[in-house]
Amino acid sequence: MKKLIFPLAFVALLLGSCYYDNYDELYPGASLFTPCDTSGTISYSQQIRNTLDNYCISCHSGSNPSGGVNLTDYATVNSY
């Protein structure tokens, strides 16, 4: 009987550990690849400047910008 317990326990652990997550089941209605909307016009002053002001300017401006990257005006941003 003892010889049978180890193989049965091993098989039970082996079968119990096989689990595959399915993205569609975990996140119904979600898509892995959301297509970009390229139908409109993107402008620096409307979209890009707002993003830079919200997330980048605090570190990437002034006399000593982080990483030496200054993102304060269009000409400088365009060069990067």
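Computed from a predicted structure; not experimentally measured.
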S.K.: For the residue pair Leu71 and Tyr80, establish whether any side-chain heavy-atom pair is separated by less than 4.5 Å.
M.R.: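 Leu71 reaches Tyr80 side chain to side chain.
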S.K.: Heavy-atom count around Asn64 CG within 6.0 Å, excluding the residue itself: above 12?
M.R.: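 Count not over threshold, so no.
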S.K.: Give a yes or no answer on whether the side chain of His60 reaches the backbone of Ser66 with a donor-acceptor pair at less than 3.5 Å.
M.R.: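 Flag set: sc His60 to bb Ser66 pair under 3.5 Å.
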S.K.: How far does OG of Ser63 sit from CG of Asn70, to the nearest 0.5 angstrom?
M.R.: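 Interatomic distance, Ser63 OG to Asn70 CG, rounded to 0.5 Å: 9.5 Å.
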S.K.: Using the ring pair (Phe, Tyr, Trp, His ring centres under 6.0 Å) criterion, which residues pair with Tyr55? Sequence neighbours excluded.
M.R.: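 Listed in chain order: nothing, the list is empty.
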S.K.: How long is the gap from CZ on Arg49 to CG on Asp73, to the nearest 0.5 Å?
M.R.: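 The CG atom of Asp73 is 7.5 Å from CZ of Arg49, to the nearest 0.5 Å.
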S.K.: Taking Tyr74 as the fixed residue, which of Val77, Thr76, Asn78, Thr72 is the one that meets the side chain to side chain contact (heavy atoms under 4.5 Å, CB included) rule?
M.R.: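 For Tyr74, the side chain to side chain contact (heavy atoms under 4.5 Å, CB included) test succeeds with only one of Val77, Thr76, Asn78, Thr72, which is Asn78.
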S.K.: Measuring from Ser45:OG to Asn50:CG, what's the distance to the nearest 0.5 Å?
M.R.: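 That separation rounds to 8.5 Å.
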S.K.: Which value, rounded to the nearest 0.5 Å, describes the distance between Leu52 atom CG and Ser61 atom OG?
M.R.: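 Those atoms lie 11.0 Å apart.
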